[in-house]
Colleague: 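One structure coming up, written as structure tokens, with questions to follow.
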Amino acid sequence: MFDPALINRFHNLETPFYFYDLHQLKTTLKACSDAAFKHHFQVHYAMKANFNPRVLDTIRDFGFGADCVSGNEVKAALEHGFKAEKIVFAGVGKSDKEINMALDRDIFCFNAESVQELQVINDLASAKNKIANIAIRINPNVDAHTHHFITTGLEENKFGINTWELGSVIQKLRECPNLLFLGIHFHVGSQINDLEVFRNLCLKVNEMQLWFQEEGFTVKILNVGGGLGVDYHQPDENNIADFADYFKVFADYLQVNKAQEVHFELGRALVAQCASLISRVLYVKNGIKKNFLILDAGMTELIRPMLYQAYHQIENLSGDQRAGSEEEFMVGQQPAADSNEPATNYDVVGPICESTDCFRTDVALPESKRGDLIAIRTAGAYGEVMASGYNLRDRVQSFYTE
Ligand code: LLP
């Protein structure tokens, strides 16, 4: 929901840009940390979802740790004041350079994803005369029931160590004096709205921790990853994920003893609703079969619809304003007859030279004109971070309100 004063400010800005509502972000972070605190759960922010500096600073101020998947993310987390003892480093292909850097910075834990990686971390740590803390990322073969492109916890996925390899893991851990086993790590996928998936994950975690304990290993950390979904269809009505219900599943089903810590790696649920991509209509093309709204933003600014057929709410801010308030008309503009009655269905597309550069087809919008401002909602997670320079496009800008 955008108030008219804000839309008027948008009119003076060059498009496209990401609009960050930092108040929305703070409200979300508070809801999450209150709900986690109730159960003494620790949350690492999965910074792959958004590493915009203002976003990172805000999240750091709330005391979250950081979940990083590259050496540069580890560096950025440290530069933004996340404490090294709250940084975890995951990723299926950590390079030697990245591992060395993370060892030098004494991060909290490596989430190791293969037996070979264990050996490499051990050797690099040994050369530095250091001990590396390790959590074993297990592929639990739990179906996340989400888009198959963002499913990570099935045997066919490249992530984690399959359960039948755990015998070799134990052997490797015993052979490697520079590794300290801290616990086990899981992440089954993203945009998960069915809490049953997390219940199934808990049952698998219980089974796995028992197995490690029977092998004589103390499991101090249970890291259950992230994945909580958000409401892309109703970003105003449902702008904060249900953290209380989510954490309750883990409180109810995970077997946790007093010496153990439960860690989470949430990304999307923390940042998705705090940003919209704002762009302008460049051209309106009315055809026989299709009407196209051609925006000045495309897959180079937000690739989720093109990559995962992801749904994002699309709004014409200028059209809504025209319909809503007679005083604010610019000369020559006519109000839509009724703001609740969409005038036209449009395919909302970008300017990139690819047919797939389409945000959505058949979007019902008030009649739209060149220059109208269009908001693509719920773009705070995996939006700006996945922007690219394809077609030699300018880097997308950002605009913030507190
Ligand atoms: N932990 C690990 C090991 C992960 O791989 C991920 C996300 C997370 C935590 C955070 O998951 P979240 O809470 O954000 O669901 N670009 C895709 C999503 C890719 C997710 C990758 N891994 C999208 O736009 O939907």
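Sequence positions, counted from 1, serve as the residue numbers for this chain. Order of appearance sets the numbers: ligands from 1, and atoms from 1 within every ligand.
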Colleague: Short N/O distance, under 3.5 Å, between Y308 and ligand 1?
Modeller: yes
Colleague: Show me which atoms of ligand 1 lie under 4.0 Å from any heavy atom of G267.
Modeller: 12 (P), 13 (O), 14 (O)
Colleague: Taking only heavy atoms of G227 into account, list the atoms of ligand 1 that are under 4.0 Å away from them.
Modeller: 11 (O), 12 (P), 13 (O), 15 (O)
Colleague: Record the part of H187 in heavy-atom contact with ligand 1 below 4.0 Å; permitted values are side chain, backbone, both and neither.
Modeller: side chain
Colleague: Would the number of heavy atoms belonging to other residues, nucleotides or ligands and lying under 6.0 Å from CD of E196 be above 12?
Modeller: yes
Colleague: Should you measure from each heavy atom of E265, which atoms of ligand 1 turn up under 4.0 Å away?
Modeller: 1 (N), 2 (C), 3 (C), 8 (C), 9 (C), 10 (C), 13 (O)
Colleague: Using side-chain heavy atoms (C-beta onward) and a distance below 4.5 Å, is D57 in contact with R60?
Modeller: yes
Colleague: Which ligand 1 atoms are under 4.0 Å away from a heavy-atom of R268?
Modeller: 12 (P), 13 (O), 14 (O), 18 (C), 23 (C), 25 (O)
Colleague: Do Q234 and Y232 pair up side chain to side chain, a donor and an acceptor below 3.5 Å, judged on atom types alone?
Modeller: no
Colleague: Quick one: which ligand 1 atoms are inside 4.0 Å of a heavy atom on K48?
Modeller: 1 (N), 2 (C), 4 (C), 5 (O), 6 (C), 7 (C), 8 (C), 9 (C), 21 (C), 22 (N)
Colleague: At less than 4.0 angstrom from any non-hydrogen atom of L266, what atoms of ligand 1 do you find?
Modeller: 13 (O)
Colleague: What I want to check is whether the side chains of T344 and N291 have a donor and an acceptor closer together than 3.5 Å.
Modeller: no
Colleague: Between D296 and R280 (salt bridge meaning N to carboxylate O under 4.0 Å), is one present in this structure?
Modeller: no
Colleague: Going by salt bridge (Lys or Arg N to Asp or Glu O under 4.0 Å), name the residues that satisfy it together with R393, two or more places apart in sequence or in a different chain.
Modeller: E301
Colleague: Could you list the atoms of ligand 1 found under 4.0 angstrom from a heavy atom of D67?
Modeller: 1 (N), 9 (C)
Colleague: Regarding N286 and Y346, is there a side-chain donor-to-acceptor distance under 3.5 Å anywhere?
Modeller: no
Colleague: Does any N or O atom in A269 lie less than 3.5 angstrom from one in ligand 1, N or O only?
Modeller: no
Colleague: I'd like to know whether ligand 1 has A49 as a neighbour, heavy-atom separation below 4.0 Å.
Modeller: no
Colleague: Closer than 4.0 Å to some heavy atom of R137 - which atoms of ligand 1 meet that?
Modeller: 3 (C)
Colleague: Do any N or O atoms from the side chain of Q191 and from the backbone of V230 form a donor-acceptor pair under 3.5 angstrom?
Modeller: yes
